[in-house]
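Protein chains get the first letters and strands the later ones, always in sequence-line order, with residue 1 at the start of each.
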Protein chains: 2
Amino acid sequence: MGMVYMANTRDEVFRTLADPTRRAIFERLCREGERTVGVLTAGAGVSQPVVSKHLASLKRAGLVRGRHEGRQTHYSAEYAALAPLVDWAHEMTGFWEKKFDALEDLLNRMDQ
Amino acid sequence: MGMVYMANTRDEVFRTLADPTRRAIFERLCREGERTVGVLTAGAGVSQPVVSKHLASLKRAGLVRGRHEGRQTHYSAEYAALAPLVDWAHEMTGFWEKKFDALEDLLNRMDQ
DNA sequence: CACATCCATAGCCATATAGCTATATGTGGA
DNA sequence: TCCACATATAGCTATATGGCTATGGATGTG
C-alpha cells in the first residue's frame, strides 16, 4: 500500500527536473515526441555535449529512454516517471484536506 | 487562458523543492501544521541557522508563510504554491494523452 | 580504405549553494 | 537594567554541478 516509489526515486526526479535547461529538454520531448540529440541540441541554447549530459541525467532518473538507430540516438519522454512527483504533491495537499475534515468534524461536534 | 503562473515561479518552486532537507521541512509543515523554528530544528538533522535559511528559501518560493509571536516565528505550509508543479506535470502527461487520441483517430480513419 | 557525421565521454573551470560557527537582533522575564 | 531565549544574518568553506572544448567510438558514405 502506497510507497510504490522509493524516496530515492522521488529525490532524483525532483533534483533532475530542478534544472531549467534539463526540464526544457524533457518538456520538448513531451510536446514533440521522439527526437534525436542533434535536433534537441538545435534550440537548446547549449552545446551538444551538454545536451547529451542532461539526457543521461534524465535517463538515470527514468524520465526518458533512448533508442539507437545507426549513428543517431532517438530519445523520448517517459511520462510515467512523473508519477512520484504528482503523488507527492497530492499527498501534501491531502494533509491540507484532512485538516479541513478535522475542522469540520470539530465544528460538527461543537454544534451538538 | 492558462499560464496563470509565471515560468519564473515554476522555476523557483522546482529549484526550492529539489533539496531533500528543504523538502523534508516543507513536508513536516504539511503533515503537522504550523510549527516554530525551534521545533523544526529538532529532528531536521541540521543546525538552526540552516533551518532558518531553508525557511527563507521556502518563503521566497511562496511555499510557506511565517507568523511572528513574541520571540518565536510560526511557519506553516502554503499548499496552493504546489499548483505550478502539479499543473506542469499534468500538462506534460496531457501531451501524452493527445498523442494517444491522435493514434486512435488515425486507427479510426484506417478502419474506414 | 579514407573521411564525414552523430553522439558520448573526459577533463577542465566557474559558480552556486548547503552546511558550519559566530554574532546580531529582538523579545520576555527577573 | 541585565540576562536568557528564539530567530535571523554574516561570513566562511567544501562540494556539486552546469557550462565549455577536445576527443573518442561508432556508423554511414564515396
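- For B:Y75, a side-chain nitrogen or oxygen approaches OP1 or OP2 of D:dA8 to under 4.0 Å.
- Of the residues in residues 27-38 of chain B, B:T36, B:V37, B:G38 come within less than 4.0 Å of DNA chain D through at least one heavy atom, sorted by number.
- B:E27 and B:R23 are not joined by a salt bridge, as no carboxylate oxygen comes within less than 4.0 angstrom of a charged side-chain nitrogen.
- Judged by distance alone, the side chains of B:E97 and B:T93 never bring a donor and an acceptor atom under 3.5 Å apart.
- Among the atoms of the strands shown, only primed sugar atoms or phosphate atoms (P, OP1, OP2) are found under 4.0 Å from some heavy atom of B:H54.
- Ring pair A:F14/A:W88 is perpendicular by interplanar angle, where above 60° counts as perpendicular and below 30° as parallel.
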Dump the intermediate steps for side chain to side chain contact (heavy atoms under 4.5 Å, CB included) on A:H74 and A:T36, then the final yes or no. CA-CA 4 Å; A:H74 298 257; A:T36 68; 3.5 Å; yes
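- Summary of the strand contacts: A:K53 and A:E69 both lie near DNA chain D, and taking for each the nucleotide with the nearest heavy atom, the more 5' one is attributed to A:K53.
- For CZ of A:R65, the number of neighbouring non-hydrogen atoms (other residues, nucleotides, ligands) closer than 6.0 Å is 12 at most.
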Give the C-alpha distance, both sets of side-chain angles, the deciding distance and a yes or no for side chain to side chain contact (heavy atoms under 4.5 Å, CB included) between A:V86 and B:H90. CA-CA 8 Å; A:V86 175; B:H90 283 159; 4.1 Å; yes
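- Between A:T21 and D:dG18 there is no side-chain polar atom (N or O) within less than 4.0 angstrom of OP1 or OP2.
- Checking D:dC20, C:dG19, D:dA8 against the side-chain heavy atoms of B:D19 singles out C:dG19 as nearest.
- Between the P atom of C:dT17 and the CZ atom of B:R60 lies a distance of 9 Å, rounded to the nearest Å.
- Counting only heavy atoms from C-beta on, A:R15 has its side chain closest to D:dT17 among C:dG19, D:dT9, D:dT17.
- Take the nearest nucleotide of DNA chain C for A:R71 and for A:P49: the residue whose nucleotide is more 5' is A:R71.
- Here the P atom of nucleotide C:dG29 and the CD atom of B:Q72 are 11 Å apart, to the nearest Å.
- Within 4.0 Å of B:S47, counting heavy atoms only, lies at least one base atom of the nucleic acid.
- Residue A:T73 is in sugar-phosphate contact alone, with no base atom involved, counting any heavy-atom pair closer than 4.0 Å across all strands shown.
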